[in-house]
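Everything below concerns the one structure shown next.
All residue numbers refer to positions in the sequence shown, counting from 1. Numbering of ligands and ligand atoms starts at 1, following listing order.
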Amino acid sequence: MNVCEVREIFSAEEIAIQVKMLGKQIDLLYKDEPLVLIGVLKGAVVFCADLLRALNRKSVEIDFVCLSSYGMEQVSSQKMNFSKDISTDLQGKHVLLVEDIVDTGRSMQFLMQRFEQSAALSVRSAVLIDKHERREVDFTPDFVGFRIAGGFIVGYGLDFAEQYRSLPGLYELIIE
Ligand code: IMP
Ligand code: MG
């Protein structure tokens with residue numbers, strides 16, 4: 001697979017507008033109730049930092065998880081696990097999972113199930129990009145920045161083989 005170039009699909013300015021809009025929606029829903037943002041490493045780190053600052057509330061906790069999958073080569077047969085779990089007590093708090101991009105939905109389905117078994121008051125999700133047409137399991141995000149049909153997306157924290165994370169906008173990889 002040869003990567004030839006990247007093509008911008010959303011500029012840094014467009015992302016900033018969407019993240020602010022998501023912040024307002026999240027503020028409206030939770031008001032001043034206790035809230036924990038749980039970012040999914042590594043891709044969601046930039047989105048999570050911006051979303052945190054888009055919220056208009058004095059206190060919000062943050063934590064992070066990192067997923068690892070193992071098993072057969074086919075994605076559908078992979079089992080998921082945490083290579084990093086949270087250390088925050090979720091008792092009596094709302095959880096908002098913050099993810100960069102949803103593809104098949106398997107990662108988010110796993111995370112939703114995991115945190116629904118916790119003592120959290122509620123578990124919802126905010127995703128920057130939803131590749132909704134590629135869904136293989138039943139998962140619908142609560143807050144979505146951008147809906148796209150497909151393609152491999154990099155920038156704003158998202159990587160291809162650990163590259164392109166530092167690009168300010170979102171770009172589609174043009175692959176030969
Ligand atoms: P899913 O479990 O199939 O929904 O995949 C979600 C995860 O795969 C995301 O957290 C990303 O780490 C990765 N991923 C899926 N699509 C892309 C993409 O277009 N660019 C970068 N990472 C992606
Ligand atoms: Mg990810």
### Query
Is the closest N or O pair between Asp159 and ligand 1 shorter than 3.5 Å?
no
#### Entry: N/O separation below 3.5 Å, Ile153 to ligand 1
yes
### Path from Leu51 to Ile62 over hydrophobic side-chain contacts below 4.5 Å
yes
### Query
So which bit of Met108 gets within less than 4.0 Å of ligand 1, heavy atoms only: side chain, backbone, both or neither?
neither
### Query
Considering only heavy atoms, does Lys131 approach ligand 1 within less than 4.0 Å through its side chain, its backbone, both, or neither?
side chain
### Ring center gap for Phe110 and Phe139 short of 6.0 angstrom
no
Considering the heavy atoms of [X], write down every atom of ligand 1 situated less than 4.0 Å from one of them.
X: Ser107; answer: 1 (P), 2 (O), 5 (O), 6 (C)
X: Glu99; answer: 9 (C), 10 (O)
X: Gly151; answer: 19 (O)
X: Asp100; answer: 9 (C), 10 (O)

[X]: heavy atom below 4.0 Å from ligand 1, yes or no?
X: Ile101; answer: yes
X: Gly105; answer: yes
X: Ala44; answer: no

Roughly how far, to the nearest 0.5 Å, is the [atom2] atom of [Y] from the [atom1] atom of [X]?
X: Gln109; Y: Asp138; atom1: CD; atom2: CG; value: 7.5 Å
X: Ser68; Y: Asn81; atom1: OG; atom2: CG; value: 5.0 Å
X: Ile86; Y: Cys66; atom1: CD1; atom2: SG; value: 14.0 Å
X: Lys93; Y: Tyr30; atom1: NZ; atom2: OH; value: 14.5 Å

### Task
Fit a plane to each ring of Phe152 and Phe160, take the angle between them on a 0 to 90° scale, and name the class: parallel (under 30°), tilted (30 to 60°) or perpendicular (over 60°).
perpendicular
### Task
Report yes or no: does Arg165 contribute a side-chain atom to a donor-acceptor pair with the main-chain N or O of Gly155 at less than 3.5 Å?
no
